[in-house]
Amino acid sequence: MKTEVPAGAAYRPRRDRLWFARTRSYTIFVLRELTSVFVAWSVAFLLMLAGAVLGGGLPEFAALAGRPWMIAINVVALAATAFHSVTFLNLAPKATVVRLDGYRLPAWMIQGGNHSLWLVVSAVIAFFVLRGFR
Amino acid sequence: MEVARYRPGQDAEPVFQGYDVPLMSDWAVLDGLNHIKDQLDGSLSYRWSCRMGVCGSCGMTVNGEARLTCGTFLSEYGDGPVRVEPLKGFPIIRDLVVDIDGFLAKLSSVRPWLIREGEDLPLTAEYAQTPEQLEAYKQYSMCINCLLCYSACPVYVLDPDFLGPAAIALAQRYNLDSRDMGDRFDVLNQEDAVWGCTFVGECTKVCPKHVDPAEAIQRYKLTAALRSVLPWSRR
Amino acid sequence: MIDVLIVGGGGAGLRAAVAVAETDPALKVAVVSKVYPMRSHTVSAEGGAAGVIAPGDTLDEHCYDTISGGDWLCDQDAVEAFVAEAPKELIQLEHWGCPWSRESDGRVAVRPFGGMKKMRTWYAADKTGFHLLHTLFQTTLKYQDIIRYDEWYVTKLLVDDGRVHGVVATEIRTGRIETIPARTVILATGGCGRVFPFTTNAAVKTGDGMALAYREGAPLKDMEFVQYHPTGLPFTGILITEAARAEGGWLINKDGYRYLQDYDLGKPTPTPRLRSMELGPRDRLSQAFVHEQRQGRTVDTPYGPVVYLDLRHLGEAKIDARIPFVRELCRSYQNLDPATDLIPVRPVVHYMMGGVHTDLHGATPIAGLYAAGETACVSINGANRLGSNSLPEILVFGRRAGIAAAAFAKEHREAEPPAVRSQGEDERRRLERAREGGRPRNGRGERIADLRERMQHTLEGAAGIYRTGDVLAKAVDTLAELRERAEEARMEDSSTAFNTELINLLELRSMLEIAQTIAACALNREESRGAHQRTDFSARDDAAFLAHSLVHRAPDGTPSVGLLPVTITRWPPGERVYGRD
Amino acid sequence: MRRAEGVAVRRTPEPYLWLLFSGGGVVAALVLPVLVLLFGVLMPLGVVDWPTAGHLRGLLGNVLVRLTLVVVVVLCLFHAAHRIRHTSEELLGLARFDLVIALFCYGGAIAGGVIAVMLMF
Ligand SMILES: Cc1cc2nc3c(=O)[nH]c(=O)nc-3n(C[C@H](O)[C@H](O)[C@H](O)COP(=O)(O)OP(=O)(O)OC[C@H]3O[C@@H](n4cnc5c(N)ncnc54)[C@H](O)[C@@H]3O)c2cc1C
Ligand code: SF4
Ligand code: F3S
Ligand code: FES
């Protein structure tokens, strides 16, 4: 039997709707991207806080934040933002290749620097929030 | 081994066919396919040539992962079954053979040749290039066009117009070559080019030649962004 | 109508294409290749490309090394032209972007290579062919008028009245069969290592171009000279480049002894010495292996006897810097690390010195038909090619053939004769019949793979490193018989879409044609020279055989062998001396 | 033949969006975890005490702090907007509606920025 194939009659596979569930690394990628939802949430939460501080409603805000479901959301948000920090700071050397003396700085040095910076910034913020400078 | 078959005019969509292949400790998946073709079923079609991981013909999906079949031992999968499918993300011409013409068009669109301005040197002297300058782009010149990275990149699989990892890495190979004077900003600074990439990073993970296309793309994003903000900085 | 049609997208074919495009942009050039050009076998070449550039090196020395390495069977005018143009071609490639390895001052680096008296081998780490081919391919993309027929398989040359008029080719993807008319055709189809069972050559190296020309009456030259490379990995036949020895690797037998010192190749020194010991020529090293094996000093493995290549003393750093690909190959394909383990190696079929007979411009005796690269025999390689001469050869003669074909196409503008169309139609019918399963249908006939294996073992048994008259005579007959049987081979696939079984069948028929010429030429040459060693005629015989073998296809399909004098300019035949000065 | 160079370069806002995205990513990485830890988890749980409203108001009284906070908010929101846009398109295969999604996401970010400015000043 002769089956003539017109040129370009290739089979186009259907889109795989669940691609992100296929391998572990895809899933991790999607989780990494979804941290952005919690980044947005955290910002919103902080704006509410700032509003409460400036508008004098801090006790009400504290009560709201103390609700168990609020705490639950914020625990997840904490995990997500921390995951975001780790992945984001680790990936930075990909875009920023630093060359010294013609040879590139190894990635771990840049990553190490980033993580140290993260610690320092966190410490400074905690200091001002908890102790202040007055 | 379970091998995906697609015979145009005969199969409406790919189907799996099982073959018994002896498990030899030093056989690669490709040797298994050759055994099938030579001894069991002459009608199986797939591409291969060098059998030493350098011609880039033999990329397929092995147990869900994009691999060079000549460089993947059967024994890696224990007693099997080993599932061999064509590379994902490409139209299937037949069995394990996919259509890569789109990729070739992308490749030429990034002007992958050395661009010089002014007089050429006569053929008696080379353009000097120190080992450090060579090292600056060497990694990106190692691509064998096997397309595993395309197959692994979800952005490409969803959007076949995405310029994709290997083509961008090749553009960077010339951008970072100290002898090159060309400018590829117009092709790379596009939504379907570097900006299409969301840094999934799978391309780098599957690349058998350690080209690291993900890095090439992120580096060009930075270059392109700086150039957009600071229009006077040329490169 | 195409002006210059190039069959083959390897180094030779692409270089020719650029040469035509640069000579006259108005000419229509097409490259037909059965694989995408960057998949061609040139991509596998590892060690390097020779070209005189280093201070203290001279063109004459490169000529002498090449001619003595080829056991005085090279045409010396060809060698002189080749040696003079090689450095220019390599610099041209540099100007096109090839990432050659460099000295610290930015100049191109050179390394020593087997049989070369001076350091003159340019390299791009140990992926020279890969970088060379990709640079060339990417450069051709600049010339957007070059037409490419990717994954088209040429099945026949259209020749009428001693002049070529195009080809018949089939598009593998769709099974479409077309006549492509052309004013000139350049064959750049590479070698035919696949006629042997154990080879470094890729699956595509099936001698198609040689068979195409031979069938149309063009003679093949020096087909008996088959190069065995001394260091291939057992089982896969993956090549461990000569660069591994150039960087200081040692060959040792099962007793850990550097056995080459017993074969008049010099005294062992801790660091490599040019043209001595491990840096002797390939024919001599492979022959030494056979002697070691006969004396029981090799190691037996399931894939035949081996000796060892020892790189351990080089250390990890040097291995990674100079020959990283060797380490990568050993690790992923042999599961060992050369920094700590010995590498098992054995001689493996590597290169065809012979090929389509051409002049210095790649022209064959058929008007308008040219050949370049491994498929041609201009003859610069003589009885044994020196490592790293082949890459510059494909560039130099690819370019020459391109220029010559362009000139021919400009002068001959007449229309094609009617006979060409009917030849094309005949060929189409023949191919369609082959695809439908030949004469005996369904399940009868022998498997292609079985026939191929028979051919390979017949040839290895008769035309291996050492050869004898009566075995060769028998092989010629066996191969003729196999050729008949291949006409009736079994086809299980009659589809038009990407039918690789059909391609395999056509390739097998090409290979059988070639295998027969190899055996016939080897039978005819009753002497030992370079890669051709006869146990029944163990000496070189300049009186009778300082001449090329020229083989024609007789009308009944049998090969008929004659001789053609060698061109000698300045270097009269002498003794080949290695390791003693 | 050579292609004419430098013809009709299509302009795209992506480089600017990407810079905002990356900047936002860095800022979010550096400051958000500690803030969420303190205000979202430790204080509500009572592990550390809430600072007095006066103390916090004092901090916000500083113009520099308020300015920084606005910048942080804007950048983080842009970061989130950019990622949400791409991820939703990839996960759900909605690339066709890119324009709408983009407007929605970046619009949200801008709105957040406006709210922040109104709050602080
Ligand atoms: C492992 C290895 C290492 C080597 N290392 C070196 C080295 O270090 N230095 C050196 O100088 N040499 C080396 N060589 C030799 C050298 O690589 C080859 O001789 C050279 O590359 C041949 O090039 P080519 O252009 O003639 O043919 P190829 O590169 O083999 O190209 C042949 C082309 O012809 C096409 N073709 C064939 N038949 C048909 C058909 N019927 N229809 C259409 N198209 C067809 C193919 O598709 C392909 O594109 C090495 C060889 C091997 C095997
Ligand atoms: S970048 Fe790597 S994976 Fe992608 S085509 Fe090149 S070699 Fe293959
Ligand atoms: S996998 Fe795809 S999205 Fe980018 S980093 Fe690699 S190209
Ligand atoms: S066969 Fe060439 S890369 Fe696998």
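Everything numeric here is computed off the predicted structure, so don't read it as measured data.
No part of A:Leu18 comes within reach of chain D, as not one of its non-hydrogen atoms sits under 4.5 angstrom from that chain. The part of A:Leu46 that comes within reach of chain D is its side chain, from C-beta onward, which places non-hydrogen atoms under 4.5 angstrom from that chain. Interface remark: A:Phe29 contributes side-chain atoms only to the contact with chain D (heavy atom separation under 4.5 Å). Proximity to chain D (any heavy atom under 4.5 Å) is restricted, for A:Ile125, to the side chain, taken from C-beta onward. Contacts between A:Thr35 and chain D at a heavy-atom distance below 4.5 Å involve the side chain alone, from C-beta outward.
Closest of all the heavy-atom pairs between D:Leu32 and A:Thr81 is CB-CG2, 4.1 Å. Residues D:Arg57 and A:Gly56 share a closest heavy-atom pair of NH2-CA, 4.4 Å.
Interatomic distance, CG of D:Leu30 versus CG of A:Asn114, reported as 8.0 Å (0.5 Å rounding). Of the inter-residue distances, the one linking A:Leu49 atom CG with D:Met43 atom CE reads 8.5 Å to the nearest 0.5 angstrom. Between the CD atom of D:Glu90 and the CH2 atom of A:Trp19 there is a distance of 5.5 Å, given to the nearest 0.5 Å. Considering CZ of D:Arg83 and NE2 of A:His84, their distance stands at 6.0 Å, rounded to 0.5 Å.
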Exercise. Which is it for D:Trp50 and A:Phe61 under the side chain to side chain contact (heavy atoms under 4.5 Å, CB included) test, yes or no, and what are the steps along the way?
Worked result: CA-CA 11 Å; D:Trp50 284 96; A:Phe61 179 80; 4.1 Å; yes
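Taking chain A as the reference chain and counting heavy-atom pairs below 4.5 Å, the highest number among D:Leu91, D:Leu92, D:Val72, D:Val73 is found for D:Leu91. Between chain A and the residues D:Thr87, D:Leu38, D:Leu69, D:Val65, the most heavy-atom pairs under 4.5 angstrom are made by D:Thr87. In terms of non-hydrogen atom pairs under 4.5 Å with chain D, the most contact-rich of A:Ala126, A:Ala44, A:Ala62 is A:Ala62. Among A:Val86, A:Leu78, A:Val30, the residue with the largest count of heavy-atom pairs under 4.5 Å with chain D is A:Leu78.
Inter-residue side-chain proximity for A:Phe45 and D:Val36 is flagged as unmet; no heavy-atom pair is nearer than 4.5 Å.
Counting non-hydrogen atoms of neighbouring residues, nucleotides and ligands closer than 6.0 angstrom, the OH atom of D:Tyr106 exceeds 12 such neighbours.
Ring to ring, D:His55 and A:Phe128 are not that close: their centroids are 6.0 angstrom or more apart.
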